Amino acid sequence: MISAIRGTRDILPGEVERWQHLEAIARQVCERYGCAEVRTPVIEREELFEKGTGQATDIVQKEMYSFTDKGGERVTLRPEATPSLVRAYLEHNLEQAMGVPKIYSIGPMFRYERPQKGRYRQFHQLDVEVFGIKDPMVDADVIDLAWRLVQELGIQGVELIINSVGCRRCRPVFNAALLAALGDDLPRLCADCQRRAATNPLRIFDCKVPADQPIIDALPHSADYLCEECRTHFDAVRRHLQTLNIPFRPSHRLVRGLDYYTRTTFEILASSLGAQNALLGGGRYDGLVKELGGPDRVGIGFAAGLERLVLAMPEDAGVPTPLVVFVAAMGDAARDVALVLVRDLRRAGFRAEIDYEGRSIKAQFKRADRLGATHVLVLGDAELADGTVTIKDMRTGQQAPVRRQEVFALLKEAEGAA
RNA sequence: GUGAGUGUAGCUCAAGGGCAGAGCGCCGGACUGUGGCUCCGGAGGUUGCGGGUUCGAGACCCGUCACUCACCCCA
């Protein structure tokens, strides 16, 4: 038997309704905040991610699905959407076309990692990006969108954390301060931390090794080393969040893994999720557009993991309870009438089902019950003779004969009551 | 890439060297025009895959694949 490949999975009825609900809410929230949907290819030139996501990141160094196509082109299944969206923004000059480009995108991403709870090789993200606005108000507005999304999905036990990682000017100063403060303690940290000290000192804050914590707790905070402009910006973001009444926790240990982040970074964490507890994360990337060959334009955005949102959503999310009508027939003549009746019910907008196999009336009722039918319409010799249909409300168990034309109006009424 | 745990019916799990089982679900019947509750019957298995030990392996050993969780990293 051929199975789905590692880290990929099928989403089946019973779960797919949660996804449909999530996607509907996501689109609705994004569009209310003025974002327009953009769909980009899942496959791009490899160099887009090497330049965009960054050579220093784990994603580029070891997680990309890259190969040479039959034309000799180096291509990659996108590991994240932001570089693609920046490319589309530049390629189609969305700055001119849209004024303030606020866009969102939903789709699959691919990373070659060991799967675990909330982490897959093919996973799905909602991305929101806003280009060209430097004012910190946009940071707060994007965070507000993210917070709104999580609220409307009914997810409990969430926490927003924010930080500022500075800019090209002040970050090197902080990195130097970090290494200076570490001093003689560096050899006492774990092997991962020693590696991080050389490649990206900021990431030492990600360490979870218990023995390292006292040393790390004593390190300086990036927020205390911001340049004048970055500090003013960060203060304004926090003030706006307070104005919006969004609870947040400044976390000097929030350091994001992608090379392009500047100034504001944020994550929303869910307590129910396990080790991979970030529902969404993002921040500013003021140098990325230029890095990818465009004009000097700032940007801010976030990516939300749909698998993680689905995991964190309440049990009963996305289960609508519309009417389900089952047409039961006895005898060949009745089956013909029943076939037309289900067709007409569906045309009238109802969810309607029929038994295809001419089974016993009992079996048909059993199936109706299993399907969660709210109503069963019975067609037998008696009903055929006088042009009626017996309608049974499966929830109350009551039934009555009705003239066949009146059944639509009756069901519409029941639908309104529900 | 590293570590640990787990792979038996559609699902959840028993059987720990000696006949592959239960509950739920599914199909049918009791109830020849009525679901849920109850009772009865039935279908459904290459015990993940390959090798080895043994008179005999679902079980023990080796390998492999998959799943789960964690590390790493991130959504």
Side-chain angles (χ1 to χ4, degrees), chain A residues 1-9 12 14 53 56-63 78-82 106-128 146 150 190-193 195-196 200 203 206-209 254-258 261 266-270 273-282 301-312 326 328-331 334 355 357 359-384 390-399 401:
Chain A
M1 191 175 52
I2 299 171
S3 58
I5 69 178
R6 176 167 228 182
T8 71
R9 57 191 221 101
L12 302 175
T53 306
T57 62
D58 280 31
I59 289 176
V60 171
Q61 282 185 2
K62 52 188 195 194
E63 295 175 4
R78 63 180 180 195
E80 59 144 349
T82 302
I106 296 176
M109 308 294 154
F110 304 84
R111 290 183 201 171
Y112 193 86
E113 296 184 276
R114 257 321 249 285
Q116 71 184 77
K117 186 180 175 102
R119 194 175 76 180
Y120 305 93
R121 289 186 175 177
Q122 177 178 336
F123 60 104
H124 299 77
Q125 286 186 335
L126 160 68
D127 269 76
V128 172
V150 168
C190 68
D192 281 329
C193 282
R195 183 173 48 76
R196 290 175 182 128
N200 188 351
R203 302 212 54 107
D206 270 345
C207 181
K208 290 166 198 153
V209 176
L254 170 59
V255 182
R256 312 216 73 249
L258 306 185
Y261 284 114
F266 63 96
E267 282 184 6
I268 293 181
L269 311 177
L273 237 44
Q276 308 300 322
N277 66 345
L279 286 173
L280 58 88
F302 70 86
L306 302 195
E307 279 78 4
R308 293 179 187 181
L309 289 171
V310 166
L311 273 174
F326 191 92
M330 282 164 291
D355 174 66
E357 298 168 293
R359 298 189 301 164
S360 70
I361 186 70
K362 184 179 194 63
Q364 295 185 56
F365 262 91
K366 258 188 131 127
R367 175 134 181 271
D369 189 55
R370 177 117 210 282
L371 289 171
T374 51
H375 296 81
V376 174
L377 305 183
V378 183
L379 280 165
D381 292 342
E383 288 85 354
L384 237 45
T390 297
I391 179 167
K392 176 168 182 174
D393 187 324
M394 296 292 275
R395 297 163 298 191
T396 63
Q398 296 193 325
Q399 66 178 47

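Worth saying up front: this structure is predicted, and the values here are computed from it rather than measured.
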Rounded C1' spacing from B/rC13 to B/rU32 in Å:
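It comes out at 40 Å once rounded to the nearest Å.
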Rounding to the closest angstrom, what is the interatomic distance between B/rA15 and B/rA59 at atom C1'?
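Their C1' atoms lie roughly 9 Å apart.
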Under a 3.5 Å cut-off for both contacts, is [N] paired Watson-Crick or G-U wobble with anything, and if yes, with which nucleotide?
{"N": "B/rU12", "result": "B/rA22"}
{"N": "B/rG36", "result": "none"}
{"N": "B/rC69", "result": "B/rG3"}
{"N": "B/rU53", "result": "none"}
{"N": "B/rU46", "result": "none"}

Name the one of A/Lys117, A/Arg308, A/Glu307 that satisfies side chain to side chain contact (heavy atoms under 4.5 Å, CB included) with A/Gln276?
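So, applying the side chain to side chain contact (heavy atoms under 4.5 Å, CB included) to A/Gln276 and each of A/Lys117, A/Arg308, A/Glu307, only A/Arg308 qualifies.
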With a 4.0 Å cut-off on heavy atoms, is [X] in touch with a base, just the backbone sugar-phosphate, or nothing at all?
{"X": "A/Arg195", "value": "sugar-phosphate"}
{"X": "A/Thr57", "value": "nothing"}
{"X": "A/Gly282", "value": "nothing"}
{"X": "A/Ala382", "value": "base"}
{"X": "A/Gly7", "value": "sugar-phosphate"}

[X] (side chain) and [N] (base): donor-acceptor pair under 3.5 Å:
{"X": "A/Gln364", "N": "B/rU34", "answer": "no"}
{"X": "A/Arg119", "N": "B/rC73", "answer": "yes"}
{"X": "A/Glu383", "N": "B/rG33", "answer": "yes"}
{"X": "A/Gln116", "N": "B/rC72", "answer": "yes"}

Do other residues, nucleotides or ligands put more than 12 heavy atoms under 6.0 Å from A/Asp393 CG?
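It does: A/Asp393 CG has more than 12 such atoms within range.
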Mind listing the closest non-hydrogen atom pair of [X] and [Y] along with its distance?
{"X": "A/Arg6", "Y": "A/Arg121", "value": "O-CD, 3.4 Å"}
{"X": "A/Ala304", "Y": "A/Leu309", "value": "CB-CD1, 4.0 Å"}
{"X": "A/Asp355", "Y": "A/Phe326", "value": "N-CZ, 3.7 Å"}

Protein-to-nucleotide contact annotation, 5' to 3' order, nucleotides 37-42 of chain B [B base; S sugar-phosphate only; - none; under 4.0 Å, heavy atom]
------
Can a side chain N or O of A/Arg359 be found less than 4.0 Å away from OP1 or OP2 on B/rG28?
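It does, given that an N or O in the side chain of A/Arg359 lies less than 4.0 Å from OP1 or OP2 of B/rG28.
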